[in-house]
Amino acid sequence: MDDKKIYQWLQSWYPELQTRKIPKSKNRRSFEQLSLWLLSEKKEQDERSFIMTFDPLEFTEADLARSAVLQDLQIDTVQMHHDIVKQTQPIYTHYEKSKQLLGKYYNVQEQLAEIILNAIYQELSTYKYELLLICAEQYYWLAVHQDAEKLHKFLKRFEKQFKAEDIAIHHYTFSQCSKMI
């Protein structure tokens with residue numbers, strides 16, 4: 001298998017990555033190496049990252065502001081975060097009040113993640129971007145240009161390349177959101 005292909009597709013989606021060397025063959029099947037390769041760099045005063053992590057229970061404006069794609073699209077991440085908090089805060093507050101009663105039968109993290117990802121997805125889709133959700137030891141997301149054929153190939157290759165690490169990737173769509181988280 002050509003395990004360089006994922007990196008080449010990412011370089012085509014994110015031209016800034018073309019200056020980065022693709023990891024050596026022995027490291028290309030490591031999701032940690034891929035994450036590091038995609039992670040933050042400083043451009044002027046802003047931190048930029050092409051792969052974003054987030055914790056639904058501790059979601060901050062910085063979780064959006066570091067996104068290189070959102071920066072390039074000049075999306076107001078402060079306003080976007082404010083809008084997300086308006087939706088998530090009542091749910092989280094209710095959960096905190098009723099935690100003893102709800103107990104293990106209610107997963108507030110999944111509900112909050114769905115709201116956050118829906119907001120990101122809706123914003124990106126207006127700019128003809130797709131949202132990819134990666135489920136590993138935590139949630140990750142990538143924003144990529146709409147290109148159905150390339151996206152399908154990327155998802156299949158990604159699953160094969162990182163299968164040993166039990167990492168799942170999903171093409172996030174609004175109608176499928178609750179099935180993926």
Side-chain angles (χ1 to χ4, degrees), residues 5-18 31 34-35 37-41 43 46-92 107-136 138-162 167-181:
K5 198 68 177 162
I6 284 178
Y7 291 88
Q8 292 166 338
W9 280 326
L10 290 166
Q11 286 176 325
S12 73
W13 279 323
Y14 311 124
E16 280 177 52
L17 296 177
Q18 292 174 359
F31 180 70
L34 175 71
S35 298
W37 189 75
L38 287 168
L39 264 178
S40 300
E41 61 180 46
K43 190 170 187 178
D46 296 325
E47 281 188 42
R48 296 171 57 82
S49 184
F50 295 97
I51 189 168
M52 303 303 301
T53 62
F54 74 99
D55 178 348
L57 297 174
E58 296 179 21
F59 186 69
T60 67
E61 192 268 329
D63 292 329
L64 297 169
R66 285 188 349 269
S67 168
V69 172
L70 296 181
Q71 288 175 20
D72 292 346
L73 295 173
Q74 298 179 339
I75 292 173
D76 183 351
T77 56
V78 173
Q79 183 61 49
M80 189 175 178
H81 180 259
H82 175 74
D83 294 344
I84 291 169
V85 169
K86 277 176 36 180
Q87 293 177 59
T88 58
Q89 193 59 48
I91 293 164
Y92 188 73
N107 190 342
V108 71
Q109 183 171 342
E110 287 182 9
Q111 190 173 7
L112 297 176
E114 185 175 333
I115 292 167
I116 294 164
L117 291 168
N118 282 343
I120 295 168
Y121 168 81
Q122 288 177 321
E123 188 68 35
L124 289 171
S125 66
T126 63
Y127 294 93
K128 299 195 184 309
Y129 276 79
E130 299 288 340
L131 181 62
L132 303 181
L133 174 63
I134 301 170
C135 300
Q138 59 187 357
Y139 292 116
Y140 295 86
W141 62 270
L142 293 167
V144 297
H145 292 284
Q146 289 178 348
D147 182 339
E149 186 178 327
K150 188 187 226 181
L151 189 57
H152 178 72
K153 289 178 182 177
F154 178 83
L155 293 171
K156 284 207 169 290
R157 183 75 55 121
F158 185 98
E159 284 181 355
K160 284 182 184 175
Q161 193 156 328
F162 300 107
I167 295 172
I169 187 167
H170 305 280
H171 179 198
Y172 191 91
T173 59
F174 190 74
S175 62
Q176 297 173 330
C177 56
S178 59
K179 297 176 193 171
M180 287 189 244
I181 299 175

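- By the 4.5 Å heavy-atom criterion applied to side chains, W141 and I51 are not counted as neighbours.
- Atoms CE and CG, from M52 and L39 in turn, are 9.0 Å apart once rounded to the nearest 0.5 Å.
- Ring to ring, W37 and Y7 are close: their centroids are under 6.0 angstrom apart.
- Distance check: L131 CG to Q122 CD gives 11.0 Å after rounding to the nearest 0.5 Å.
- Not counting sequence neighbours, the partners of A136 by the side-chain contact (heavy atoms from CB on, under 4.5 Å) test are F31, Y140, I167.
- Using a 4.5 Å heavy-atom cutoff, the side chains of E114 and E110 are not in contact.
- Under the 3.5 Å distance criterion, the side-chain polar atoms of E130 are left unmatched by any main-chain donor or acceptor of A143.
- With sequence neighbours excluded, the residues forming a side-chain hydrogen bond (donor to acceptor under 3.5 Å, both in side chains) with H145 are Y129, listed by chain and number.
- At least one donor-acceptor pair closer than 3.5 Å links the side chain of S67 to the backbone N or O of L70.
- Looking only at side-chain heavy atoms (C-beta outward), K150 and S12 come within less than 4.5 Å of each other.
- Without hydrogens or angle criteria, D83 side chain to M80 main chain gives no donor-acceptor distance under 3.5 Å.
- Proximity of I169 to L133: side-chain heavy atoms (C-beta onward) are nowhere separated by under 4.5 Å.
- Applying the side-chain hydrogen bond (donor to acceptor under 3.5 Å, both in side chains) test to Q11 and every residue at least two apart in sequence or in another chain returns nothing.
- Scanning both residues, I84 and A119, for their nearest heavy atoms gives CG1-CB, 3.5 Å.
- Enclosure of atom CD in E58 is not indicated, since only 12 or fewer non-hydrogen atoms of other residues, nucleotides or ligands lie within 6.0 angstrom.
- Under the 4.5 Å side-chain criterion, counting only non-hydrogen atoms from C-beta, E61 is not in contact with H82.
- Taking Y14 as the reference, F50 meet the ring pair (Phe, Tyr, Trp, His ring centres under 6.0 Å) condition, with sequence neighbours excluded.
- Not counting sequence neighbours, the partners of Q89 by the side-chain contact (heavy atoms from CB on, under 4.5 Å) test are V85, Y92, T93.
- Looking only at side-chain heavy atoms (C-beta outward), L132 and H171 come within less than 4.5 Å of each other.
- To the nearest 0.5 Å, atoms CG (L64) and CD (E123) are separated by 10.0 Å.
- Checked against side-chain hydrogen bond (donor to acceptor under 3.5 Å, both in side chains), Q18 has no partners two or more places apart in sequence or in another chain.
- The shortest heavy-atom contact between H81 and F59 is NE2-O, 3.4 Å.
- Under the salt bridge (Lys or Arg N to Asp or Glu O under 4.0 Å) criterion, K153 pairs with E149, not counting sequence neighbours.
- A 4.5 Å side-chain heavy-atom check between Y139 and T53 finds every atom pair outside the cut-off.
- Rounded to the nearest 0.5 Å, atoms CG (L112) and CZ (F54) are 9.5 Å apart.
- A heavy-atom distance below 4.5 Å is not found between the side chains of W9 and V144.
- Take S125 and apply the side-chain hydrogen bond (donor to acceptor under 3.5 Å, both in side chains) test, not counting sequence neighbours, and it matches no residue.
- The ring pair (Phe, Tyr, Trp, His ring centres under 6.0 Å) search around W13 returns F154, not counting sequence neighbours.
- Residue H170 holds its NE2 atom at 10.0 Å from CZ of F158, rounded to the nearest 0.5 Å.
- From D63, atom CG reaches atom CG of D55 across 8.0 Å, with rounding to the nearest 0.5 Å.
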